[in-house]
Each structure stands twice: as C-alpha cells, then as structure tokens.
*Asks:* 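I am attaching a structure below and will ask some questions about it afterwards.
As a basis for the values below, the full set of heavy atoms in this structure was taken, side chains included, without hydrogen atoms, waters or symmetry mates.
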Amino acid sequence: MEVDQYVYFALKSERMSAEEMTARLGLEADEITIRGSRRSEPPRPAVHIWKISVPRSSLPVDDMIMALVDRLEPYASAIGGLAEELDRDEPGHTAVLQVVRFFGEDEEDEEDEDSEEEWMTEVPTRPRPLGRHLDRRVLDFLQTTRAELDVDEYGDTL
C-alpha cells in the first residue's frame, strides 16, 4: 500500500493577516494563505492562514509530528497567546496541528528516496498504516498552543 502523508501546524483568522501573525510571533511561515485571494464574495479562502509544515516523508507520522514540535516548541507560549487572543474574537478554534494521510495502491516505480529533504538524518522507513503515539511533550505543546489535533485519512484501500 502506498501512503502519502504530511503534517503541519496552522493559525487561522478571518481578521488577522498571516503577515501580522508572523510579526507577532517572530517566526516566518513556510506558507501563507490570504483570505479572499481567489474570490471576494464569498471570500475564498475563508480565512488567513499562517502555516509551518514538515515536508512529505516516509517517516512515521509520530516522527513527523515530533519534528514539527521540535521546530515550534521555542515559540509555543507566543503561539498560545496569539491563539487565545484570536479565539476570543473569532468562532471556533484558530490553532490546529493537522495530519493528512492518503492511502493508495503501490506504484510500480517507487519515488527516489534521495528526493526527501536534507533535514532527515534517519534512513526512511515505510509509514505505519495504523496507530499513532503522542507523548506527553506533544500533548503539552498542543495545550500550550491551544491547538486542536485534526487527523484526516483518505483512500479506498483501507
């Protein structure tokens, strides 16, 4: 079974731009989305998004989440403060740690393992198709940043 997966952390707001989030946090986003940049009525995308991501990888999801926490942990209190402020003024939760996995058929031609990002020092492994483990450090990070954990899995081969 072929598994394509990625992990990211995002702050979302109808009112505050991703540029302002960057300025407030002191951390440049890997990717931003501008509210209404594709369509103004109704606005699409519906919110501004500030996003930090882990590159697509064959590492287990647990390891991808840990890489994300390693990168964001020094900013956790600032992220939590900003998320609390946004949550007061906007509906729903504004911070999310997102895990996305697509399950599909194995391809005959496997991707070149050398194309993965340089940050990976471990030998890549096949993703574990079932189960996750979030340790206390990750749970503390989620609580500090006021983030929800959203895990989406897609595919018809499960």
Side-chain angles (χ1 to χ4, degrees), residues 3-103 116-122 124-125 127-155 158:
V3 180
D4 182 26
Q5 59 192 14
Y6 59 93
V7 173
Y8 67 85
F9 183 91
L11 287 171
K12 302 174 182 184
S13 174
E14 290 180 2
R15 297 179 184 100
M16 185 181 292
S17 71
E19 291 84 6
E20 186 174 343
M21 292 179 210
T22 295
R24 299 272 300 272
L25 296 173
L27 178 62
E28 192 72 35
D30 293 334
E31 181 182 334
I32 64 167
T33 300
I34 299 170
R35 181 176 194 254
S37 60
R38 292 186 207 114
R39 191 167 124 192
S40 59
E41 286 300 321
R44 296 289 180 252
V47 293
H48 300 287
I49 302 173
W50 177 93
K51 186 188 294 187
I52 299 291
S53 57
V54 174
R56 291 178 187 260
S57 168
S58 62
L59 286 174
V61 167
D62 304 1
D63 294 345
M64 294 173 75
I65 291 171
M66 287 307 298
L68 188 66
V69 170
D70 288 345
R71 184 171 172 199
L72 289 175
E73 200 167 39
Y75 302 92
S77 293
I79 291 168
L82 182 55
E84 181 177 17
E85 180 183 331
L86 294 172
D87 286 346
R88 274 194 309 263
D89 299 327
E90 302 191 28
H93 291 281
T94 56
V96 64
L97 191 153
Q98 181 76 52
V99 177
V100 180
R101 303 176 85 200
F102 297 94
F103 296 90
E116 295 191 7
E117 297 292 325
E118 292 179 13
W119 64 271
M120 291 179 18
T121 57
E122 301 175 27
T125 60
R128 291 187 300 263
L130 301 173
R132 314 230 174 345
H133 174 78
L134 301 177
D135 65 14
R136 173 57 45 201
R137 183 172 165 228
V138 174
L139 296 174
D140 289 345
F141 172 80
L142 292 171
Q143 182 173 359
T144 300
T145 59
R146 301 178 54 89
E148 294 182 339
L149 174 63
D150 185 3
V151 178
D152 295 335
E153 295 186 334
Y154 304 98
L158 288 176

*Asks:* Please tell me if the side chains of L149 and V138 come closer than 4.5 Å, counting only heavy atoms from C-beta onward.
*Replies:* no
*Asks:* Please name the pair of heavy atoms, one in D30 and one in S53, separated by the smallest distance, quoted to 0.1 Å.
*Replies:* OD2-N, 2.8 Å
*Asks:* Answer yes or no: is there a side-chain heavy-atom contact under 4.5 Å between L97 and V7?
*Replies:* yes
*Asks:* List the atom of A83, the atom of L11, and the distance in Å for their closest heavy-atom pair.
*Replies:* CB-CD2, 4.1 Å
*Asks:* Is the side chain of R56 donor-acceptor paired with the backbone N or O of Q5 at a distance under 3.5 Å, no angle test?
*Replies:* no
*Asks:* So does V96 get a backbone contact from the side chain of E148, meaning a donor-acceptor N/O pair under 3.5 Å?
*Replies:*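 Checked: no pair found.
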*Asks:* How many angstroms lie between CG in L86 and CD1 in I79, if you round to the nearest 0.5 Å?
*Replies:*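 Reported to 0.5 Å precision, the distance equals 11.5 Å.
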*Asks:* What's the shortest heavy-atom distance between M64 and Y6, and which atoms?
*Replies:*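 Minimum heavy-atom contact is CE-CA, 3.8 Å.
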*Asks:* Just wondering, do F141 and L68 contact through their side chains at under 4.5 Å, heavy atoms?
*Replies:* no
*Asks:* Measuring centre to centre across the rings, with the benzene-like ring taken for any Trp, is F9 within less than 6.0 Å of Y75?
*Replies:* no
*Asks:* Is the shortest side-chain heavy-atom distance between L72 and L27 below 4.5 Å?
*Replies:*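 SC-SC contact between L72 and L27 confirmed.
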*Asks:* Side chains of L82 and M21: does their closest heavy-atom pair fall under 4.5 Å?
*Replies:*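 Yes, their side chains come closer than 4.5 Å.
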*Asks:* Are any non-hydrogen side-chain atoms of M16 and H48 less than 4.5 angstrom apart?
*Replies:*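 No, every pair of side-chain atoms sits at 4.5 Å or beyond.
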*Asks:* Would a 4.5 Å heavy-atom cut-off, applied to side chains only, mark M66 and D135 as touching?
*Replies:*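 Yes, their side chains come closer than 4.5 Å.
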*Asks:* Roughly how far, to the nearest 0.5 Å, is the OG1 atom of T145 from the CG atom of D140?
*Replies:*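 So the gap between those two atoms works out to 10.5 Å.
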*Asks:* Whether the side chain of R71 engages the backbone of I52 through a donor-acceptor N/O pair (distance < 3.5 Å, no angle test) should be reported.
*Replies:*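 Here the side-chain-to-backbone pair does not exist.
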*Asks:* Salt bridge between R146 and D87, side-chain N to carboxylate O under 4.0 Å?
*Replies:*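 Yes, R146 and D87 are salt-bridged.
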*Asks:* How long is the gap from OG on S17 to CD1 on I32, to the nearest 0.5 Å?
*Replies:* 8.0 Å
*Asks:* Taking the side chain as every heavy atom from C-beta outward, state whether K12 and E90 have any atom pair closer than 4.5 Å.
*Replies:* no
*Asks:* Just how far is it from atom OG1 of T144 to atom CG of L139, taken to the nearest 0.5 Å?
*Replies:*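 Spacing of OG1 (T144) from CG (L139) equals 10.5 Å.
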*Asks:* If I take atom CG from residue L142 and atom CZ from residue R137, how far apart are they, to the nearest 0.5 angstrom?
*Replies:* 11.5 Å
*Asks:* So for atom CD, which belongs to Q143, do other residues, nucleotides or ligands contribute more than 12 heavy atoms lying within a distance under 6.0 Å?
*Replies:*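 Count not over threshold, so no.
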